[in-house]
Colleague: 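Dropping a structure here in structure tokens format, bear with me for questions.
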Amino acid sequence: MKYWLMKTEPGCFSIDDLAALPKQTTSWDGVRNFQARNFMRDEMRVGDLVLFYHSVTAPGVVGIARVEREAYPDHTAFDPDDAHYDPRSTPDKPLWVMVDVRFVEKFCAPVSLRAMRGIKGLEGMELLRRGSRLSVMPVTEAEFRIVRDLGR
DNA sequence: GCCAACGTTGGC
DNA sequence: GCCAACGTTGGC
């Protein structure tokens, strides 16, 4: 089993939005970065756990989700009216993929990006690298546990 | 709102 | 294949 961190802008889609869905499950569409796509397509498996990260406003990890369905074509790329439309991607040859994730828990206290920078054991996190912009990235089990324990 | 860092595009 | 220009991300 692997561990991940996935970013979202809460103004667009927050952990509360996820928890409020009937099945508490959503398709993680709109990823348009090859490195992030490759992680989803090649390495993400059902049951993997995800640190749910809010960016922009109060950046930090706010909870945990779980992968419910492995990569399948991101149909929003086919839709000219969609903000993430990409004409290079077609139903025959989909370029972009998405996974489904399910709500697991919301932290009592969000683990802010600022706080994470000072925590021993998190120094190696991709998220903390200067200029890190990846929206889907792997984390180690140790990092996952540290962040989870801080949030609970 | 600013701007550093980064990925992507496209001319050559 | 190089690299400048550009657009985007995202912290602050």
Side-chain angles (χ1 to χ4, degrees), chain A residues 2-21 26-44 48-67 70-101 103-140 142-152:
Chain A
K2 286 196 163 77
Y3 299 87
W4 304 94
L5 183 145
M6 295 172 93
K7 290 183 187 175
T8 176
E9 292 188 26
C12 180
F13 187 81
S14 72
I15 194 160
D16 290 328
D17 294 331
L18 179 61
L21 293 172
T26 191
S27 55
W28 204 269
D29 59 41
V31 172
R32 296 294 181 268
N33 170 282
F34 288 103
Q35 205 180 344
R37 178 205 67 178
N38 293 348
F39 282 135
M40 291 200 297
R41 186 189 61 187
D42 304 334
E43 297 190 42
M44 238 181 229
D48 285 359
L49 293 175
V50 177
L51 295 174
F52 197 103
Y53 181 86
H54 282 177
S55 66
V56 183
T57 62
V61 178
V62 293
I64 295 171
R66 183 177 58 228
V67 176
E70 290 171 18
Y72 59 106
D74 180 349
H75 59 77
T76 66
F78 309 146
D79 179 2
D81 294 327
D82 193 278
H84 301 290
Y85 173 59
D86 185 345
R88 296 175 299 173
S89 187
T90 65
D92 281 348
K93 280 194 166 186
L95 183 62
W96 303 111
V97 300
M98 56 193 182
V99 298
D100 287 356
V101 301
F103 175 80
V104 173
E105 69 178 80
K106 181 181 175 181
F107 290 158
C108 308
V111 182
S112 71
L113 178 64
R114 185 192 231 269
M116 290 170 72
R117 291 193 188 282
I119 302 294
K120 200 179 169 204
L122 300 184
E123 305 89 349
M125 285 185 83
E126 165 70 22
L127 178 75
L128 305 186
R129 263 193 49 237
R130 231 167 103 79
S132 170
R133 282 169 35 183
L134 256 188
S135 63
V136 177
M137 66 187 85
V139 301
T140 68
E143 291 161 350
F144 180 88
R145 285 188 176 161
I146 290 170
V147 174
R148 181 196 59 194
D149 292 347
L150 287 169
R152 280 179 175 166

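Only this structure's heavy atoms are used, side chains among them; waters, hydrogens and symmetry mates stay out.
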Colleague: Polar pairs (N or O, both sides) under 3.5 Å between protein and nucleotides 9-12 of chain C?
Modeller:
{"from": "C/dG10", "atom 1": "OP1", "to": "A/Lys7", "atom 2": "NZ", "distance (Å)": "3.1"}
{"from": "C/dG10", "atom 1": "OP1", "to": "A/Arg133", "atom 2": "O", "distance (Å)": "3.0"}
{"from": "C/dG11", "atom 1": "OP1", "to": "A/Tyr53", "atom 2": "OH", "distance (Å)": "2.6"}
{"from": "C/dG11", "atom 1": "OP2", "to": "A/Val56", "atom 2": "N", "distance (Å)": "2.8"}

Colleague: Under 4.0 angstrom, heavy atoms only, what part of the nucleic acid is A/Arg32 near: base, sugar-phosphate, or nothing?
Modeller: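 Contact class for A/Arg32: none.
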
Colleague: Applying the ring-ring contact (aromatic ring centres under 6.0 Å, His included) test to A/Phe52, which of A/Trp4, A/Phe144, A/Trp28 qualifies?
Modeller: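 Going through the options one by one, the only one that passes is A/Trp28.
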
Colleague: Would you mind reading off the distance between A/Asp86 atom CG and C/dG7 atom P, rounded to a whole angstrom?
Modeller: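 Result: 17 Å.
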
Colleague: Please report the shortest heavy-atom distance between A/Ala71 and A/Val99, naming the atom on each side.
Modeller: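 Heavy atoms of A/Ala71 and A/Val99 come nearest at N-CG1, 3.7 Å.
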
Colleague: Round to the nearest Å and state the distance from A/Arg88 atom CZ to B/dG7 atom P.
Modeller: 15 Å

Colleague: Where is the tightest heavy-atom contact between A/Leu18 and A/Val101, given as atom of each residue plus distance?
Modeller: CD1-O, 4.0 Å

Colleague: Could you state the atom-to-atom distance from CZ of A/Arg37 to C1' of B/dT8 in whole Å?
Modeller: 14 Å

Colleague: Out of A/Thr76, A/Asp74, A/Leu95, which one pairs with A/Asp86 under the side chain to side chain contact (heavy atoms under 4.5 Å, CB included) rule?
Modeller: A/Leu95

Colleague: Taking the side chain as every heavy atom from C-beta outward, state whether A/Asn38 and A/Gln35 have any pair of such atoms under 4.5 Å apart.
Modeller: no

Colleague: With no hydrogens and no angle check, just 3.5 Å: does a side-chain donor-acceptor pair link A/Ser55 and A/Arg133?
Modeller: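 No, A/Arg133 and A/Ser55 have no side-chain donor paired with an acceptor closer than 3.5 Å.
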
